[in-house]
Amino acid sequence: MADNTFEMEFSWPSDDVPLPGQFFSLRCADSTDPLLRRPFAFSGFNAHSARASFIYLRRGRSTTLLSQLGVGAQIDILGPLGKGFSPPAAGRMPLLAAGGIGFGPILFLYDHLMSQGFSPRLFYGARTASLVPRDRLPQGSIICSDDGSSGRAGTVLDAMVAEGIPESASLYACGPGPMLKALAAKAGQLALPCQVAIEQHMACGVGACMGCSVKVKDERKFARACVEGPVFNAEELIWD
């Protein structure tokens, strides 16, 4: 799809249908190296063909092993896991923001909202042009790059502000922490609903180890990204 960026499609022999924002954990090899499963967000699901997909960045042993699998290979997955995105209220305009590898769940959400009769608009940001998955971006997407080598120079939030954020907007985002924090602040300033899918390191993926906990404002103080998330209302989170 782009430099070191891959998409894998696989059969989904289950009646438990994944939703945008949910993830699964994958065992990348039949050995103890790597030892732990790896979490990956769904980038799509086709109920008619019973096939799901995910997008990943090759940057370590686990993802290198994945990139070497051929057609017909078997993978060991556990899912769907976590809480996904909620649809916007009737009459609201979904604005979708994706940064880097956060593109996967946002692409899934875009396709899902289109099938539900919404007209979402997608903003995608990358560090540089070689990391932009152009062939998978929906038509009309706004591209941003940190170095200005592709699309607008600047951040996804810069592009949203330049394009204009309507009062009827509902914001959805997945990407690096600083991007999510900035979008959450803007949503709060404009009193707009905002849902974010956070990127956390996960060990178990089922809520047992507490390793993916994030700070929240209510009496819980902490919430597990793998169970109570990975999608949260932005106003729930404490943005350090």
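Quick caveat, the model's predicted, so the values are computed rather than measured.
The main-chain N or O of Phe54 is found under 3.5 Å from a side-chain atom of Ser43 such that the two form a donor-acceptor pair. Gln195 places no side-chain N or O within 3.5 Å of a backbone atom of Ala234 that could act as its donor or acceptor partner. Listed for the Ser213 side chain is no donor-acceptor partner under 3.5 Å among the backbone atoms of Arg224.
Counted within 6.0 Å of CD on Gln68, heavy atoms from surrounding residues, nucleotides or ligands total more than 12; the atom is thus considered enclosed. Open room surrounds CG on Asp135; 12 or fewer heavy atoms of other groups in view lie less than 6.0 Å from it. In the displayed structure, Arg127 atom CZ is contacted under 6.0 Å by at most 12 heavy atoms of other residues, nucleotides or ligands.
To the nearest 0.5 Å, atoms CG (Leu192) and CD (Glu235) are separated by 11.5 Å. Taking CD1 from Ile165 and CG from Leu171, the interatomic distance works out to 6.0 Å, rounded to the nearest 0.5 Å. Separation of atoms CG (Leu122) and CD (Gln139) is listed at 13.0 Å; rounding is to 0.5 Å. Between the CD atom of Glu7 and the OH atom of Tyr56 there is a distance of 10.0 Å, given to the nearest 0.5 Å. Expressed to the nearest 0.5 Å, how far CZ of Arg51 lies from CD of Glu9 amounts to 4.5 Å. A distance of 10.0 Å separates CG in Leu113 from OG in Ser170, rounded to the nearest 0.5 Å.
In this structure the side chain of Arg152 never reaches within 4.5 angstrom of the side chain of Ile143, judged on heavy atoms. Counting only heavy atoms from C-beta outward, the side chains of Arg38 and Arg27 never approach each other to under 4.5 Å. Looking only at side-chain heavy atoms (C-beta outward), Leu19 and Lys83 stay at 4.5 Å or farther from each other. Considering only heavy atoms from C-beta on, Leu107 comes within 4.5 Å of Pro138 through its side chain. Val161 has its side chain within reach of Leu157: a pair of non-hydrogen atoms, C-beta onward, lies under 4.5 Å apart. Inter-residue side-chain proximity for Ser53 and Phe45 is flagged as unmet; no heavy-atom pair is nearer than 4.5 Å. Contact of the Met160 side chain with the Ile142 side chain is not registered, since no non-hydrogen atoms from C-beta on lie closer than 4.5 Å.
Nearest heavy-atom pair across Ser119 and Pro94 is O-CD, 4.2 Å. In plain terms, the two heavy atoms of Gly84 and Gln22 that are nearest each other are N-CG, 3.9 Å. Nearest heavy atom pair, residue Pro166 against residue Leu95, reads CD-CD1, 4.1 Å. When all heavy atoms of Phe118 and Arg92 are compared, the pair lying nearest together is CD2-O, 4.1 Å. The shortest heavy-atom contact between Ala97 and Ile106 is O-CG1, 3.6 Å. Nearest approach of Gly102 to Ala98, heavy atoms of both residues: O-CB, 3.9 Å.
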Determine whether Thr128 and Ser145 satisfy the following criterion, side-chain hydrogen bond (donor to acceptor under 3.5 Å, both in side chains), listing intermediate values before the conclusion. CA-CA 5 Å; Thr128 189; Ser145 55; over 6 Å; no
Run Asp16 and Ser14 through side-chain hydrogen bond (donor to acceptor under 3.5 Å, both in side chains) and show every step you take. CA-CA 5 Å; Asp16 198 355; Ser14 171; 5.4 Å; no
Side chain to side chain contact (heavy atoms under 4.5 Å, CB included) assessment of Val216 paired with Lys221: CA-CA 5 Å; Val216 293; Lys221 295 187 179 180; 5.6 Å; no
Let's go through Arg134 and Met1 carefully: what are the C-alpha distance in whole Å and the side-chain angles of both, what is the deciding distance for side chain to side chain contact (heavy atoms under 4.5 Å, CB included) to 0.1 Å, and is it a yes or a no? CA-CA 8 Å; Arg134 289 185 174 277; Met1 296 177 62; over 6 Å; no
Any chance you could lay out the side chain to side chain contact (heavy atoms under 4.5 Å, CB included) test for Leu237 and Lys217, step after step, and finish with the verdict? CA-CA 6 Å; Leu237 301 175; Lys217 296 176 182 177; over 6 Å; no
Before you tell me yes or no, could you show the steps for Lys186 and Leu183 under side chain to side chain contact (heavy atoms under 4.5 Å, CB included), namely the whole-Å CA-CA distance, both residues' side-chain angles and the distance that decides it to 0.1 Å? CA-CA 5 Å; Lys186 176 58 71 172; Leu183 286 166; 5.6 Å; no
Please evaluate residues Lys215 and Glu236 with respect to the criterion salt bridge (Lys or Arg N to Asp or Glu O under 4.0 Å), reporting the C-alpha separation (whole Å), side-chain torsions for both, the decisive distance (0.1 Å), and the verdict. CA-CA 9 Å; Lys215 294 180 181 179; Glu236 292 182 73; over 6 Å; no
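One hydrophobic cluster holds both Leu190 and Val196 under the rule that ILVMFWY side chains link at heavy-atom gaps under 4.5 Å. Residues Ile55 and Leu57 share a hydrophobic cluster, clusters being chains of Ile/Leu/Val/Met/Phe/Trp/Tyr side chains in contact below 4.5 Å. Linking Ile, Leu, Val, Met, Phe, Trp and Tyr whenever their side-chain heavy atoms come within less than 4.5 Å puts Val214 and Leu180 in one cluster. Put simply, Phe6 and Ile75 are part of the same group of oily side chains (I, L, V, M, F, W, Y) that touch within less than 4.5 Å, one to the next. The hydrophobic clustering, which links ILVMFWY residues whose side-chain heavy atoms are closer than 4.5 Å, places Phe24 and Leu69 together.
For residues 217-240, the set of pairs meeting the ring-ring contact (aromatic ring centres under 6.0 Å, His included) definition, not counting sequence neighbours, is empty.
Checked against a 6.0 Å centroid threshold, the rings of Phe103 and Phe108 do not count as neighbours. When ring centroids are compared, Phe40 and Phe23 stay outside the 6.0 Å threshold. Ring pair Phe42/Trp12: centre-to-centre distance below 6.0 Å.
For the residue pair Arg59 and Thr64, no side-chain donor N or O sits within less than 3.5 Å of a side-chain acceptor on the partner.
Under the rule for a side chain to side chain contact (heavy atoms under 4.5 Å, CB included), the partners of Ala126 that lie at least two apart in sequence or sit in another chain are Tyr124, Leu131, Val132.
A side chain to side chain donor-acceptor pair (under 3.5 Å) with Arg58 is found for one member of Thr5, Thr63, Asn4 and no other, namely Asn4.
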